[in-house]
Amino acid sequence: MSAFQTAIVPAAGLGTRFLPTTKAVPKELLPVVDTPGIELVATEAAQAGATKLVIVTSPGKDAVAEYFRPQPELEQTLEARGKTELVEKVRRAPNLIKVETAIQDKALGLGHAVGCAEGNLTGDDEAVAVLLPDDLVLPTGVLTRMAEARERFGGSVLCAFDIPKDQISAYGVFDVRDTGDDDVKRVVGMVEKPKPEDAPSTFAAAGRYLLDRAVFDALKRITPGAGGELQLTDAIALLINEGHPVHVVVHRGGRHDLGNPAGFLKAAVDFALEHPDYGPELGEWLRERLGNS
C-alpha cells in the first residue's frame with residue numbers, strides 16, 4: 001500500500017502573470033503541448049499511489065475540476081467520426097484519479113490553501129502529498145522515493161534540489177544533517193531566500209511535499225507572516241521545533257516552472273521535442289531559427 005492515498009493540489013490563484021488569458025482560462029489548464037499542467041501533476045500523483053486528488057480552488061474557478069469530469073457527448077461525437085485516439089485522450093483524465101474540490105475563499109497563503117483541504121481527508125489519511133501545479137519535477141518518481149524515506153524515518157518528507165550557490169538566494173533553503181544516504185537529509189531548519197554566504201546548504205525547496213497528518217494541527221497554531229499569509233514552511237518549522245522528524249529527498253533531475261510565461265515556454269518546447277509527432281519538425285525548425293538569429 002502507498003504511504004499516502006490523498007494528494008492536494010493548490011490551484012486557487014489568479015494566474016496574474018498570464019493575464020489577460022487567465023481572465024477566462026485557468027492557468028492550470030494551459031496546455032504543455034496538448035496536455036494541461038494539472039493533468040501532468042495528477043498523473044504524477046496517481047503513479048505514486050494516490051487514489052484521490054483534492055484540488056483547492058477559488059469561488060468561480062470550477063473549470064479545473066471540471067476538466068476531470070467525463071464528457072460522454074464529446075466522446076460519442078468523436079467515436080462516430082472514428083477518432084478513437086482522441087477518445088482515449090478525452091477519457092484519460094477522468095479515468096486517472098478520483099477528484100474532489102476544496103474552496104479557498106481568500107488568498108491567504110499556501111499554508112491556508114493546504115489547510116482548506118483538511119475536510120476532504122478521512123481517518124485513513126495518515127499522510128498527504130502536496131503538489132504545486134506550477135512545478136513539473138522531471139523525471140517523475142520523486143514522490144515514490146519520498147514515500148520510501150517516510151517509511152524509513154517517519155514524519156514528513158520534502159523534495160529538494162541541489163542549487164548552485166550563486167543562485168541560492170531565490171529559494172527557500174534547508175539547514176540539513178547527513179543520514180548516511182547522500183540523497184536523504186534530515187532537516188533541522190529552513191531559511192527563506194538567504195544571501196549565498198549565509199545559506200546553510202545548497203539544498204532548496206521544490207514543489208513536492210509528503211506531510212504527516214500532524215501538519216494540519218500545526219497550521220492552526222501558526223500566525224500569519226508577511227502579507228498576512230499563512231506559510232506552509234512555518235508549520236513545518238513548528239513541527240521541527242517540536243521534535244517531529246522532517247527529511248528531504250534530493251532530486252537529481254530537472255524541473256520546469258509553469259508559473260511564468262518564460263518557464264512555461266521552456267516546458268512546452270522540452271515536451272514537444274520529446275513528442276514523436278512534433279519533435280523532429282520542431283527540432284529542425286529550431287536549428288534553422290537559431291542559426292539565423
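- If you take CD1 on Ile97 and OG1 on Thr51, they are separated by 6.5 Å, rounding to the nearest 0.5 Å.
- Formation of a donor-acceptor pair under 3.5 Å by the Asp198 side chain with backbone atoms of Pro194 is not found in this model.
- Smallest separation of non-hydrogen atoms from Ala204 and Phe174: C-CE1, 3.8 Å.
- Remark: the Arg92 side chain and the Thr35 side chain contain an N/O donor-acceptor pair separated by less than 3.5 Å.
- Side-chain contact of Asp212 with Ser156: a donor-acceptor pair under 3.5 Å is absent, judged by distance alone.
- In this structure a side-chain-to-backbone donor-acceptor pair under 3.5 Å is missing from Thr57 to Ala12.
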task = Starting from the C-alpha separation in whole Å, work towards a yes-or-no answer on side-chain contact (heavy atoms from CB on, under 4.5 Å) for Tyr209 and Leu132.
result = CA-CA 9 Å; Tyr209 307 81; Leu132 304 190; 4.3 Å; yes
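- Geometrically, Arg186 does not engage Phe153 in a cation-pi contact defined by less than 6.0 Å to the ring centre and at most 45° from the axis.
- No salt bridge links Asp183 with Lys185; every basic N to acidic carboxylate O contact stays at or beyond 4.0 Å.
- Electrostatic pairing of Lys89 and Asp34 counts as a salt bridge here, judged by a charged N lying under 4.0 Å from a carboxylate O.
- Between Glu242 and Arg221 there is a salt bridge, since at least one side-chain N of the basic residue sits less than 4.0 Å from a carboxylate O of the acidic one.
- When atom types are taken as modelled, the side chain of Thr179 and the backbone of Val184 share a donor-acceptor pair closer than 3.5 angstrom.
- The structure places CZ of Phe161 at 12.5 Å from CD of Gln167, a figure rounded to the nearest 0.5 Å.
- Between Arg91 and Glu79, at least one side-chain nitrogen of the basic residue sits less than 4.0 Å from a carboxylate oxygen of the acidic one, meeting the salt-bridge criterion.
- For the pair His251 (side chain) and Leu138 (backbone), a donor-acceptor distance under 3.5 Å is present.
- Judged purely by atom type and a 3.5 angstrom limit, Ser201 has no side-chain atom pairing as donor or acceptor with the backbone of Asp175.
- Distance check, rounded to the nearest 0.5 Å: CD of Glu66 to CZ of Arg69 gives 6.0 Å.
- Side-chain polar atoms of His112 and Glu229 form no donor-acceptor pair below 3.5 angstrom.
- Applying the ring-ring contact (aromatic ring centres under 6.0 Å, His included) test to Phe18 and every residue at least two apart in sequence or in another chain returns Phe264.
- No more than 12 heavy atoms of other residues, nucleotides or ligands shown are found within 6.0 angstrom of CD on Glu73.
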request  = Take Phe68 and Ile55, measure what side-chain contact (heavy atoms from CB on, under 4.5 Å) needs, and give me the verdict at the end.
outcome  = CA-CA 11 Å; Phe68 290 90; Ile55 299 175; 3.9 Å; yes
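- For Lys220, the salt bridge (charged side-chain N to carboxylate O under 4.0 Å, His left out) partners are Glu118, not counting sequence neighbours.
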ask   = Step by step, would you call Lys98 with Glu100 a salt bridge (charged side-chain N to carboxylate O under 4.0 Å, His left out)?
value = CA-CA 7 Å; Lys98 178 185 176 184; Glu100 298 178 4; 3.4 Å; yes
inquiry  = Using the rule given for salt bridge (charged side-chain N to carboxylate O under 4.0 Å, His left out), can you reason through Asp135 versus Arg208, listing the C-alpha separation, both sets of side-chain angles and the distance that settles it, and then say yes or no?
reply    = CA-CA 8 Å; Asp135 282 331; Arg208 298 294 180 269; 5.1 Å; no
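- The 12-atom threshold is exceeded at CZ of Arg252, counting heavy atoms of other residues, nucleotides or ligands nearer than 6.0 Å.
- Separation of atoms CG (Leu53) and CG (Leu96) is listed at 8.5 Å; rounding is to 0.5 Å.
- Between the CG atom in Asp125 and the OG1 atom in Thr6 there is a gap of 3.5 Å [rounded to 0.5 Å].
- When the shell of 6.0 Å around CG of Leu14 is examined, it contains 12 or fewer heavy atoms from other residues, nucleotides or ligands.
- Of the charged side-chain nitrogens involved, at least one lies within less than 4.0 Å of a carboxylate oxygen, so that Glu28 and Lys61 count as a salt-bridged pair.
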